[in-house]
Every structure is written in structure tokens, then in C-alpha cells.
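In listed order, ligands and their atoms are each counted from 1.
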Amino acid sequence: MKIVFTASEAAPFLKTGGLGDVAGALPEVLSKIKGNEVCVFLPYYKKIKQNPEIETEFVKSFAVNLSWRAQHVGVFKLKSRKKKLKVYFIDNEYYFGRDSIYGDGDDGERFAYFSKAILESLVELNIRPDVIHLNDWQTALVPIFLNTFYLEALGNIKTVFTIHNIEYQGKADPYFLCDTLGLPEERTDTMIFDGCVNFMKGAILTCDALTTVSKTYANEIRYPYFAHGLSQVIEEHAFKLSGIVNGINTEVYDPNSDKALCANYSLQTAQKGKAENKRALQRRLGLPEREDVAVIGMVTRLVSHKGLDLICAVAEELMHWDIQLVIVGTGDAVYENRLRAVAQRNPDKFSLNLCFDSALASQIYASSDIYLMPSKSEPCGLSQLIAMRYGTIPVVNATGGLKDTVIPYDETTGEGVGFTFQSFNCDDMLDALRRALSVYGGDKEGWQKIVKNAMLRSSSWDESAKEYTKLYNDLVIK
Ligand code: GLC
């Protein structure tokens with residue numbers, strides 16, 4: 001099976017969020033499955049180009065049309081000893097030679113260019129995949145361009161479109177359809193939604209298989225509460241929709257080798273290892289050094305869908321509990337300000353770190369007892385998986401991937417890996433926290449059992465990569 005995998009970011013080259021983790025890990029695991037050959041396409045962002053650790057070689061240059069524009073495409077290839085995974089970078093100074101990755105006014109045009117440049121590269125480099133796997137709105141135009149402009153040159157390639165977050169759909173003014181995308185008028189119905197060009201809608205309509213990153217989220221986005229306007233469109237295409245849960249890179253996220261930790265540990269040494277890390281974290285953050293106090297950790301963007309409204313609403317109340325709260329992340333000023341005020345009043349209880357610091361993030365995963373993740377919606381969520389691998393017990397809102405990966409602890413059977421609440425409100429969240437704390441403080445053996453269950457839970461990509469490979473095979477055989 002020849003697979004082209006593309007996304008707007010991928011670790012370790014460039015990562016701003018969960019998409020980058022997935023696009024960094026999944027293609028690699030796919031390429032290890034017998035019979036698969038995988039190529040990855042990424043934008044050659046300035047940050048990648050200037051990174052001396054990323055060595056590339058020039059492959060070819062040519063032009064691609066974006067409506068009336070003729071734009072340069074330079075293709076560079078990662079120098080790598082891995083034979084089966086090839087990584088190509090699309091170079092264009094005008095679109096990618098800047099510091100920003102997302103958030104510019106011309107993002108629509110930048111990623112339209114990227115999508116078309118990928119297809120043009122397949123023609124120019126004579127790559128003929130069986131399947132192209134697209135991710136999120138930035139690469140959502142590939143199936144539309146493929147069906148409109150490249151059928152003759154590239155033949156019948158199947159497309160898989162994965163939604164990592166339906167909130168970001170890629171919207172533009174209607175004039176974009178013709179002026180920038182160069183699409184014919186017949187494509188209007190495919191592309192227009194709610195008076196805008198909508199990249200994601202176009203992909204949903206034209207891809208051969210549609211996936212999301214957990215089974216529960218695949219079901220949730222059929223409903224208006226979760227679908228950000230697209231529920232009807234999803235419902236109409238539910239016949240080709242499935243959910244395949246994400247894994248994590250278990251070599252990167254491993255408490256036994258993570259260099260950011262003062263003490264590495266495995267399942268056997270978790271109790272001692274976690275205690276040492278906890279002491280070091282408390283010292284680093286200026287919190288009282290107490291082994292018995294429950295540390296509740298969060299590594300998160302401070303935005304609404306991560307449940308920050310709940311956190312802000314209960315922060316004061318939590319300060320009356322015998323806990324320590326540690327948060328790292330940045331986000332919306334309103335949440336930053338509200339939390340900062342609480343943290344300033346309670347320096348012994350609350351360490352708020354308004355920054356992005358991956359070493360501190362690792363230390364929080366390792367040192368905390370409880371990992372709090374009250375997301376309003378969560379397509380999959382990766383931090384709860386990392387937390388569990390580090391033996392930190394998630395307390396989560398049972399939505400999307402959180403519901404699928406955090407099986408609640410059952411004290412009668414001793415099974416389960418965390419604590420969940422079923423509706424998005426403060427009382428339910430506090431109740432779940434109380435349940436977790438009562439096992440933590442009152443049933444040490446029970447707690448160690450949950451820690452063990454969590455650490456033993458497999459979060460590797462192996463199973464999901466097999467599921468994707470089966471999906472590709474089914475499409476190609478059809
Ligand atoms: C998005 C989602 C997150 C998911 C990640 C990778 O960031 O919000 O839930 O884990 O994509 O698929």
C-alpha cells in the first residue's frame with residue numbers, strides 16, 4: 001500500500017498542538033507495517049528551514065497554478081536513514097518564509113497553495129499513491145483539487161480525511177472559490193456553506209473515507225452541540241465516517257527515559273519515582289514540600305473548550321481543599337487574569353505558569369497525582385494518555401476521546417484508570433475530584449492499583465495504525 005500522508009505540522013519538525021504529535025507519530029508507525037510505503041508532505045516553514053538539525057536535499061522545482069497565480073514550488077527531501085518513511089517539504093518563500101505558522105490573513109491562500117503543490121509534486125516526482133491521507137482544514141482541499149484537476153494525471157487515488165477538531169473549518173469569502181482556488185462554478189454547492197467557502201465541508205463531501213480521532217467524537221459531531229454548524233453535513237456523510245483513536249509516541253513520552261525528570265521510573269519503581277519528582281516540582285515551583293498532599297496538574301491551553309470556565313469558577317473553592325494545583329499553559333487573557341488573581345492570593349496552594357515549557361510539562365505529568373482535564377469537547381486528547389503513562393490519574397469530562405480512553409475506576413473490581421463526570425458543570429467536576437481524592441487519601445492500595453492500571457494501559461499507535469491500514473485497504477479494494 002502506497003500512502004501519502006499530509007498535514008500542516010508534524011513533530012519533530014514543527015509542532016503547535018496535537019495534530020503535530022499525530023502527524024509525527026502515525027506515518028512512522030504506518031511505515032513499519034509490512035507492505036506499506038509512506039511519504040509525508042509538509043510545508044517548508046522558515047523554522048524548519050533554519051533548524052540546523054533538519055538536513056534536507058533539493059529534489060525539484062516547478063510552478064503550480066492557483067487560479068491566475070503561477071507560484072513556485074520547491075521540493076526538498078529529508079536526509080534520513082529510514083528507508084520506508086520519506087519526508088518531503090514544500091518550499092515557497094512567499095507563503096512559508098515567515099515566523100508565523102497560523103493566524104495570518106492569507107492562511108486560506110497559503111494552505112490552498114500547499115494542497116495544490118502536493119498534488120503537483122506527485123505528478124512531477126512521479127509518485128502514484130493508492131491513498132492520500134489528509135488532516136484538518138489546512139489540507140482539506142486536496143480531494144477537491146484531485147477530483148477537479150488531477151484525475152487524468154494521477155488516476156484514481158483514494159482519499160481519507162481526518163478531522164482532528166471540527167471547530168476549525170477553514171472559511172473564506174465566496175470570491176475565494178474562483179479567484180484563489182480557481183474552482184469552476186459547478187463546485188459551488190460542494191464548497192459553500194453558510195455564505196462562506198468552507199474547506200472542511202468540501203473535504204467531507206469529496207473524500208472517500210472520513211475519520212475522526214475517537215469513536216465517541218465520531219458520533220458526537222453528528223449533533224449540533226459539537227459540530228460547529230456542520231452536523232447536517234456530517235449526518236449526510238455518516239456512512240463513510242469512523243473513529244480511530246490516537247496513540248502517543250511511547251518512546252518520547254516515557255517516564256523511564258524522559259530527560260526532563262529528576263528521577264526516571266517504571267511501573268515497578270513508580271511510587272518512589274513519582275514521590276521524588278513531586279518533591280522536586282514542589283521545590284521548583286515554591287510550593288510546600290509535602291509528600292502526602294494531592295497535586296492536581298494541568299498542561300493545557302487556557303481556552304474555553306478545554307473547560308477553563310469550570311476551572312475559573314471553582315478555583316477559589318479548591319483553595320479551601322488540602323491540595324496543590326499546578327497549571328502550565330497560555331491562552332485567553334480572561335482566563336489568565338482570573339487564575340492569576342487566585343494564584344497570587346494562594347501561593348502555597350496554586351502554582352500558575354503562564355508559559356509554554358515542555359520540561360515543566362513533563363515534570364507535571366510525572367509529579368502530579370491527579371491530572372485534571374475537564375474539556376467541554378475533546379476529539380481525542382493526548383495529555384490524558386501521557387498522564388496515564390506517567391502514572392498520573394485523569395479526572396475528565398466523559399466526552400470524545402476522554403470517554404473512550406479513561407475507563408472509570410470501579411472499586412469492586414479494581415478495574416479502571418481514572419475518574420469521569422458526565423455533564424459539563426462545576427458540581428459534577430468537583431464531585432469527580434472528590435471521589436478521586438477520597439481514594440487517594442483513604443485507600444492507598446486502591447490508588448496504587450489505579451496507578452498500575454493506568455501505566456499498563458497501552459497507548460501505543462500499533463493498533464490504530466493497523467486500523468488505518470485496514471481502512472486504506474478496504475478503500476482500494478472497493
Ligand atoms: C486536536 C484535538 C485533540 C486531538 C488532537 C490530535 O488538537 O483538539 O483532541 O487529540 O487534535 O488528533
_Show the atoms of ligand 1 that are less than 4.0 angstrom away from any heavy atom in V213._
12 (O)
*Establish, yes or no, whether the cationic atom of K116 lies under 6.0 Å from the six-membered ring centre of F145 and within 45° of the ring axis.*
yes
*Quick one: which ligand 1 atoms are inside 4.0 Å of a heavy atom on V22?*
6 (C), 12 (O)
*Assess whether side-chain contact (heavy atoms from CB on, under 4.5 Å) is satisfied between I327 and F350, documenting all intermediate values.*
CA-CA 8 Å; I327 300 182; F350 185 7; 3.8 Å; yes
*With E167 via side chain to side chain contact (heavy atoms under 4.5 Å, CB included) - residues at least two apart*: N165, H228, H305
*Could you list which atoms of ligand 1 come closer than 4.0 Å to a heavy atom of N246?*
6 (C), 10 (O), 12 (O)
*Could you pull out all residues at least two apart from T206 that satisfy side chain to side chain contact (heavy atoms under 4.5 Å, CB included)?*
P143, I144, N147, R187, T190
*Just heavy atoms, cut-off under 4.0 Å: does D21 contact ligand 1 by side chain, backbone, both, or neither?*
neither
*For N165, atoms of ligand 1 separated by under 4.0 Å from a heavy atom*: 8 (O)
*Just jot down the ligand 1 atoms closer than 4.0 angstrom to any heavy atom of H164, in number order.*
1 (C), 2 (C), 6 (C), 8 (O), 11 (O), 12 (O)
*Just which atoms of ligand 1 are under 4.0 Å from any heavy atom in E378?*
3 (C), 8 (O), 9 (O)
_Contact between ligand 1 and G381 is defined here as a heavy atom of the residue under 4.0 Å from a ligand atom; is it met?_
yes
*Short N-O contact, D91 and K49, less than 4.0 angstrom*: yes
*Intermediate values then yes/no, side-chain contact (heavy atoms from CB on, under 4.5 Å), Y88 and C39*: CA-CA 7 Å; Y88 292 101; C39 295; 3.9 Å; yes
